[in-house]
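Please find one structure pasted underneath; my questions will follow.
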Number of protein chains: 2
Amino acid sequence: MRLSTKGRYSLEALVMLGFLSQGMHANISLKHISQETEISEGYLEQLFNKLKKSEILISKRGKDGGYQLAKPPSDITIGSIFRSVEGSLSPVKCLDTDCCDRSEFCLTRCFWTEINDEINQVIDTLVLSELIETYRKNLAIGDKS
Amino acid sequence: MRLSTKGRYSLEALVMLGFLSQGMHANISLKHISQETEISEGYLEQLFNKLKKSEILISKRGKDGGYQLAKPPSDITIGSIFRSVEGSLSPVKCLDTDCCDRSEFCLTRCFWTEINDEINQVIDTLVLSELIETYRKNLAIGDKS
DNA sequence: TCAAAACCTAGTAAAACGGTAGGTATTATG
DNA sequence: CATAATACCTACCGTTTTACTAGGTTTTGA
């Protein structure tokens, strides 16, 4: 039931990316995001690679290159981010691979499916723009104090 | 977000135990459960050890010894089973350890808390007796065909 | 041409996973 | 009292995953 750091880091990085590029169409470099989030550049690179393949990010190479969100952040669900970097999110493997041949397993499978659906419902409803907005607000509060 | 086999095995074993001991107060041996579930006896032993500590199981040693549920299965939530064998179920570690000092992290923490609550709500509402019942029904259907 | 960036490949230490092996302690029964 | 069945305990162990790091190549704008 535990997410690895991949999911958490990706989310933090994308929130940061979204925040930094708000309103503009500038490319944000890995270096920049790495500095802001304190996530190592190399590790971030691997995550961003996956996020590119999932069409959550686009990139531009060369000088002044960097990354941008491929879509408006209101179209990017948290679930799509997690699935992109973590692989399947289903609580047990046999939901993915259909490995069972006994009725006991079928029982638990039904049960896992239920849990799985509930989790997916949560993370596929929440959207990146909401988190960016929350971040912006948190930051404003932090500045005042 | 993925559960290891510990959670799945434990659940399967407890459903089986509950099913086998329905109505009676007999002790069910590890060997018996291992045979029915095809989970290795040694591995099962480790899981049952944890489930004992969580007061989900009780045991009796010596000949004719074995395990019983410590409470009626309607009082055993799936969540308590998972937590017993998997440790914390929170999606990210920083929910447990309070490791953050930056506002970004606080943002994500808020978010994780939300997801966490939803997951817990699902697994703490579902109860072992329901799964045993489902198993019993599945078995009946299997017998007919 | 040069510097900054993405892109690519490989390695790696540590932890977790999914067990196995082999013993000790306890208990009902013949 | 001996025995067999059981829980209980400790340790080990191969494999996979995690969370990185290192060191290069390619692209691009100025």
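Order of the sequence lines sets the chain letters (A, B, ...), proteins ahead of strands, with each chain counted from 1.
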If we ignore hydrogens and angles and just use 3.5 Å, is the side chain of B:Ser21 paired with the main-chain N or O of B:Leu17 as donor and acceptor?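 Confirmed, B:Ser21 side chain pairs with B:Leu17 backbone.
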For the pair made of CZ in B:Phe48 and P in D:dT6, what is the distance, rounded to whole Å?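 After rounding, the reported distance stands at 14 Å.
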Shortest non-hydrogen separation from B:Pro73 to B:Ile132 and the atoms involved: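 Scanning both residues, the minimum pair turns out to be CB-CD1, 3.8 Å.
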Nearest of D:dC8, D:dT28, C:dC7 to any side-chain atom of A:Glu45?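 Nucleotide nearest to A:Glu45's side chain: C:dC7.
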Side chain of B:Asp64 only, please: which of C:dA3, C:dA28, D:dT6 is the nearest?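 That would be C:dA28.
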Side chain of A:Lys6 only, please: which of D:dC20, C:dA5, D:dT18 is the nearest?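 Shortest atom-to-atom distance from the side chain points to D:dT18.
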Map B:Gly42 and A:Lys60 onto DNA chain C by nearest heavy atom, then report which one ends up closer to the 5' terminus.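 Its nearest nucleotide lies further toward 5', so the answer is A:Lys60.
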Look at the side-chain N and O atoms of A:Ser40 and state whether any lies under 4.0 Å from the OP1 or OP2 oxygen of D:dC20.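 A:Ser40 to D:dC20 OP1/OP2: no side-chain N or O under 4.0 Å.
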Whole Å only: how far is the CD atom of B:Glu41 from the C1' atom of D:dC9?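 That distance rounds to 15 Å.
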Do A:Arg61 and D:dT26 have a side chain to base donor-acceptor pair shorter than 3.5 Å?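 Pair found.
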For atom NZ of A:Lys71, is the number of surrounding heavy atoms from other residues, nucleotides or ligands below 6.0 Å larger than 12?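 Yes, enclosed.
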Which whole-number value in Å describes the distance from A:His32 NE2 to C:dA4 P?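 Rounded to the whole Å, the gap is 16 Å.
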Phosphate OP1/OP2 of C:dA4: any A:Ser29 side-chain N/O under 4.0 Å: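 Answer is no, no contact under 4.0 Å.
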Tell me what B:Tyr67 touches on the nucleic acid: a base, only sugar-phosphate, or nothing, going by heavy atoms under 4.0 Å.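 If one applies the 4.0 Å heavy-atom cut-off, B:Tyr67 turns out to touch the sugar-phosphate alone, with no base involved.
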Atom-to-atom span, CG of A:Leu47 to C1' of D:dA19 - whole angstrom: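 In whole Å, D:dA19 C1' lies 10 Å from A:Leu47 CG.
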Could you state the CG-P distance from B:Leu44 to D:dA7, rounded to the nearest angstrom?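 Rounded to whole Å, this separation is 10 Å.
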Spacing of B:Lys63 atom NZ relative to C:dG30 atom C1', expressed in whole Å: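 Interatomic distance, NZ of B:Lys63 to C1' of C:dG30: 8 Å.
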Select one nucleotide: of D:dT28, D:dA7, D:dA5, the one nearest the side-chain heavy atoms of B:Ser59.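 Selected nucleotide: D:dA7.
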Can you measure A:Lys53 atom NZ to C:dC8 atom P for me and round it to whole angstrom units?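 The answer, rounded to whole Å, is 7 Å.
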Is there a donor-acceptor contact under 3.5 Å from the side chain of B:Gln68 to the main chain of B:His25?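 Indeed, once roles are kept as given, a pair shorter than 3.5 Å links the two residues.
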Kindly give the heavy-atom pair with the smallest separation between A:Ile33 and A:Ala13, and that separation in Å.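 Smallest heavy-atom distance, with atoms named: CG2-CB, 4.0 Å.
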Suppose we call a contact any N or O donor and acceptor under 3.5 Å apart; does that hold for the side chain of B:Gln46 and the base of C:dT20?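 Side chain to base: pair present.
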Output the single nucleotide from D:dT21, C:dA5, C:dG18 whose closest atom is nearest the side chain of B:Tyr43.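 Closest nucleotide to the B:Tyr43 side chain: C:dG18.
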When the distance from CD1 of A:Ile33 to C1' of C:dA5 is rounded to whole Å, what number comes out?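 About 13 Å, once rounded to whole Å.
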Would you say a side-chain N or O of A:Lys52 is under 4.0 Å from OP1 or OP2 of C:dC7?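 For C:dC7, OP1/OP2 do have a side-chain N/O of A:Lys52 under 4.0 Å.
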